[in-house]
Protein chains: 2
Amino acid sequence: MSDLKITLIGTGTIGLSFAAFHLTHLASSSQLTIYDTRPDASQYVKDNLPRFFNRQDSPNLPSFPDVKIATSLQDAVKDANIIQESGPENLPFKLDLWAEVEKHAPKDSLLWSSTSGIPASQQSGKMKNKSRLLVVHPYNPPHIMPLLELVPSPETSDEVIRRTQEFWRARGRVPIHIKKETTGFVANRLAFALLREAVHLVDQGVVSVEEIDSIVTNSMGPRWAVAGPFKSYHAGGGPAGLEGFFKNIGGTVQECWTDAGTPNVGDGWEEKVFREAKEVYGTVDVGERDRITRRLLQVLEEEKRG
Amino acid sequence: MSDLKITLIGTGTIGLSFAAFHLTHLASSSQLTIYDTRPDASQYVKDNLPRFFNRQDSPNLPSFPDVKIATSLQDAVKDANIIQESGPENLPFKLDLWAEVEKHAPKDSLLWSSTSGIPASQQSGKMKNKSRLLVVHPYNPPHIMPLLELVPSPETSDEVIRRTQEFWRARGRVPIHIKKETTGFVANRLAFALLREAVHLVDQGVVSVEEIDSIVTNSMGPRWAVAGPFKSYHAGGGPAGLEGFFKNIGGTVQECWTDAGTPNVGDGWEEKVFREAKEVYGTVDVGERDRITRRLLQVLEEEKRG
């Protein structure tokens, strides 16, 4: 894998974040190519890629001339081992893109989509060989967060899944194979379930937007950074594990589930919730958040290595 | 507050964890008293309290003779400034306890319940002065986790809430005032909402118990340790904040909400989920989890102090 050729399509936030990841993990003999239809792609990448690096992680900022900016899709993919698209969330775009990529890319290159919502089974509609396409959905921003959700279509080959897992594992990332194409995949479904209840509680005047965040950052946030929800409740159940947990407080769990709110988008909670968020947070310093997140992930990585 | 007298009622896991917290945060001139109806309370505390301390946090293990074990409720509460119960989750027990405590405790002592489900408005049913009682619900284990949910009844006085907030803030904890008595309070409602969707996804064969945990520990766990869900999505929306976030991907959020599972306790998912948890985790080393959690919380504390 030392002379790997990776091509990224799309220079949005996700695309550039992946570029930063690959540049810090590629062997020097490898090649990163970026393609975007915007006419100023070269200057745009030069201007915007540096903010995805910090000195702590990357003492030697890659020299950007080493990033090749392709001027045509054909040129971008023709000898790539991996082609990863982070383009617009738009099915017609992706349908045409993959049909075109398939024409020009090597037969065994891996084809990955960063989509957060359009399943591979839809994206591959115009492809001749649908077994090559795989959704590789990051948790934003991918140059920092370890998770990647691998969501194959029913036609994606096991070999493609296996090679993709190997790629990410070899780079210290955590690729999780999602067994069924599910609306929103898994991470977002979990997070949005909690968000929905949070919206409900703010809408009902139980707590404020800021208090919800304070509750989460001081309880389940750090807990779930160390042990996920099942493991945590399994521990909470003592020797009887998760079963013991539900035996002890399953009644309370069910009461919360029965009483849970089910606000929908457009139900009228938005004005209050959006206004509170704006008043409390203004513009969030994402650099600061990312720096602290890196520190936590370093601690967790150290602990994992033992 | 330097010669504070704190009395804990109940020597379960929560009670002893609170004991460990108070012993590491009380001035030496203060007094911690523990009361439990079990006849071997003294020996039990001596045997079980030490495991809530670790050398890193408490180089000088408190000398346990300094913890007073009361032999009657009257004796336990008669000159206490704070009386904190972590007894059985059983309304008749708490009704009688608080009526009895009220008879013997100083008029201005703070009365706190650690309950995770029985609101103060029910617990105070037999009290003459219902304004003194406040639920102070920890996130387990309280000697480590910063969050405390303060859940007053409609009759709890503002003064009691204020003094309680001051107590915890002065000790570096994060007390959040929940404005309405809500089934399960807030932290558990949020966590259980995510758990419900997790149960659904495992039940549907989309991912395994272990994969759910891996997804959470590698994405929203560390993220929410640093910034809560609202702040995270507010940042995700760019300059337009949370409103921008919903404008961009509100459609996906709603699709996930519409498609969310609503399994109930007893619906039949239990066998699979409990078995998987047991097979994967066996008995969880809680000490290890707590040690790593402390490290993360220390990093977050450092960052907060700047």
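Below, read A as the first sequence line, B as the second, and so on, with proteins coming before strands; counting in each chain starts at 1.
- With chain A as partner, the option from Arg189(B), Glu210(B), Glu255(B), Glu243(B) having the largest number of non-hydrogen pairs under 4.5 angstrom is Arg189(B).
- Taking Asn188(B), Thr262(B), Val202(B), Thr183(B) one by one and counting their heavy-atom pairs under 4.5 Å with chain A, the maximum is reached by Thr183(B).
- Using a 4.5 Å cut-off between heavy atoms, Asn264(B) touches chain A through backbone and side chain atoms alike.
- Taking every heavy atom of both residues into account, Glu197(A) and Ala193(B) meet most closely at CB-CB, 3.9 Å.
- Using a 4.5 Å cut-off between heavy atoms, Pro229(B) contacts chain A through both its backbone and its side chain.
- For the atom pair CD of Glu303(A) and OG1 of Thr293(B), the computed distance is 9.5 Å after rounding to the nearest 0.5 Å.
- Contact tally against chain B (heavy-atom pairs below 4.5 Å) for Leu148(A), Leu242(A), Val273(A): the top residue is Leu242(A).
- Only the side chain of Phe246(B) comes within less than 4.5 Å of a heavy atom in chain A; its backbone stays farther off.
- When each of Val207(A), Val209(A), Thr283(A) is checked for heavy-atom pairs under 4.5 Å with chain B, Val209(A) comes out on top.
- Between Ser214(A) and Val174(B), the shortest heavy-atom contact is OG-CG1, 3.4 Å.
- Neither the backbone nor the side chain of Glu270(B) comes within contact range of chain A; no heavy atoms are under 4.5 Å apart.
- Between chain B and the residues Ala198(A), Gly117(A), Gly236(A), Ala240(A), the most heavy-atom pairs under 4.5 angstrom are made by Ala198(A).
- Contact record, Ala235(B) with Val286(A): CB-CG2, 4.1 Å, taken as the closest heavy-atom pair.
- Both the backbone and the side chain of Ile215(B) come within contact range of chain A, with heavy atoms under 4.5 Å apart.
- Proximity to chain A (any heavy atom under 4.5 Å) is restricted, for Ile249(B), to the side chain, taken from C-beta onward.
- When heavy atoms are compared at a cutoff of 4.5 Å, Val280(A) does not approach chain B at all.
- For the atom pair CG (Asp267(B)) and CD (Gln254(A)), the distance works out to 7.5 Å, reported to the nearest 0.5 Å.
- Between chain A and the options Arg275(B), Glu276(B), Glu211(B), Lys278(B), the largest number of non-hydrogen pairs under 4.5 Å is found for Glu211(B).
- Note that NZ of Lys231(B) is 9.5 Å distant from CZ of Arg289(A), once rounded to the nearest 0.5 Å.
- The contact between Leu296(B) and chain A is made by backbone and side chain atoms together, counting heavy-atom distances below 4.5 Å.
- The distance from the OG1 atom of Thr252(B) to the CZ atom of Phe185(A) is 9.0 Å, given to the nearest 0.5 Å.
- Proximity to chain A is absent for every atom of Pro138(B), based on heavy atoms less than 4.5 angstrom apart.
- For Pro222(A), the parts sitting under 4.5 Å from any heavy atom of chain B are the backbone and the side chain alike.
- Contact annotation for Val199(A): both backbone and side-chain heavy atoms come within less than 4.5 Å of a heavy atom of chain B.
- Separating the CZ atom in Phe192(A) from the CE atom in Met220(B) is a distance of 9.5 Å, to the nearest 0.5 Å.
- Closest approach of Thr217(A) and Gly228(B) over heavy atoms only: CG2-N, 3.4 Å.
- The parts of Asp259(A) that come within reach of chain B are both its backbone and its side chain, each placing non-hydrogen atoms under 4.5 angstrom from that chain.
- Heavy-atom pairs under 4.5 Å with chain B were tallied for Leu147(A), Asn140(A), Leu297(A); the largest tally goes to Leu147(A).
- Put simply, the side chain of Asn218(A) never gets that close to the backbone of Pro146(B): no donor and acceptor are under 3.5 Å apart.
- Interface residue Glu302(A): only side-chain heavy atoms are found under 4.5 Å from chain B.
- In this structure, the side chain of His234(B) does not engage the main chain of Phe274(A) through any donor-acceptor pair within 3.5 Å.
- In this structure, the separation between CD1 on Ile292(A) and CZ on Arg223(B) is 11.5 Å, given to the nearest 0.5 Å.
- Contacts with chain A were tallied for Val186(B), Ile176(B), Val206(B); Val206(B) has the most, counting heavy-atom pairs under 4.5 Å.
- With a 4.5 Å cut-off on non-hydrogen atoms, Thr182(B) touches chain A through its side chain but not through its backbone.
- Interface summary for chain A: among Asp290(B), Thr13(B), Ile212(B), Asp285(B), the most heavy-atom pairs under 4.5 angstrom belong to Ile212(B).
- In this structure, chain B has a heavy atom under 4.5 Å from the side chain of Glu288(A), while its backbone stays farther away.
- Nearest approach of Pro263(B) to Trp257(A), heavy atoms of both residues: O-CE3, 3.3 Å.
- Taking the side chain as every heavy atom from C-beta outward, Phe230(B) and Leu195(A) approach each other to under 4.5 Å.
- Ranked by heavy-atom pairs shorter than 4.5 Å toward chain B, the options Thr258(A), Val284(A), Val226(A) are led by Val226(A).
- When each of Gly261(A), Ala225(A), Gly266(A) is scored by its heavy-atom pairs under 4.5 Å with chain B, the top score falls to Ala225(A).
- Comparing Ala187(B), Gly184(B), Gly241(B) by how many heavy-atom pairs each has under 4.5 Å with chain A, the most go to Ala187(B).
- Smallest separation of non-hydrogen atoms from Leu194(A) and Leu190(B): CD1-O, 3.5 Å.
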